[in-house]
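Notes follow once the structure below has been shown.
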Amino acid sequence: MIDKALLAQKLTEQITLTETKIAGFEEMSAPVTPDDAIGRVSRMDAINNKAVQEAALAKAREKLTKLKVMQANLDDPKLGLCKRCGRPIPMGRLVLMPESSLCVRCSR
Ligand SMILES: [Zn+2]
């Protein structure tokens, strides 16, 4: 059985966390003005960092979308069942990754 109250709590926690993360990434990836000397960081490093940040930002946004879909579907009777095979997703997995809609086997 799915502990809906616990899952709802985890979703809220993760949504807040992910939103904070996204805000942080957006701040970091704000356009650099010409006056902002890159300093000791080489230009290549700056470019690499930006690519890494953008990838992390895209991932965080994707996670946030999934979390919100999950939150909107809390009353769905199929909640906690794998979208692919229909088997229950273990509560332990949902607590760690409340955005998961596939069981461990199907997500591989
Ligand atoms: Zn499955």
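Start at 1 and go down the list; that is how both ligands and their atoms are numbered. Excluded from the calculations below are hydrogen atoms, water molecules and symmetry mates; all remaining heavy atoms, backbone and side chain alike, are included.
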Step by step, work out the salt bridge (Lys or Arg N to Asp or Glu O under 4.0 Å) result for E19 and K68. CA-CA 11 Å; E19 276 172 348; K68 289 201 165 158; 3.2 Å; yes
Donor-acceptor pair, side chain of N73 and main chain of D76, under 3.5 angstrom: no
Between the side chain of R93 and the main-chain N/O of L102, is any donor-acceptor distance below 3.5 Å? yes
Evaluate salt bridge (Lys or Arg N to Asp or Glu O under 4.0 Å) for K10 paired with E13, printing each intermediate quantity in order. CA-CA 5 Å; K10 289 291 160 193; E13 273 174 26; 3.5 Å; yes
Is K83 atom NZ crowded by more than 12 heavy atoms from other residues, nucleotides or ligands, each under 6.0 Å away? no
Which protein N, O or S atoms does the Zn ion (ligand 1) have within a distance shorter than 2.8 Å? C82 SG, C85 SG, C103 SG, C106 SG
All heavy atoms of C82 vs all of C103, minimum pair found to be SG-N, 3.3 Å
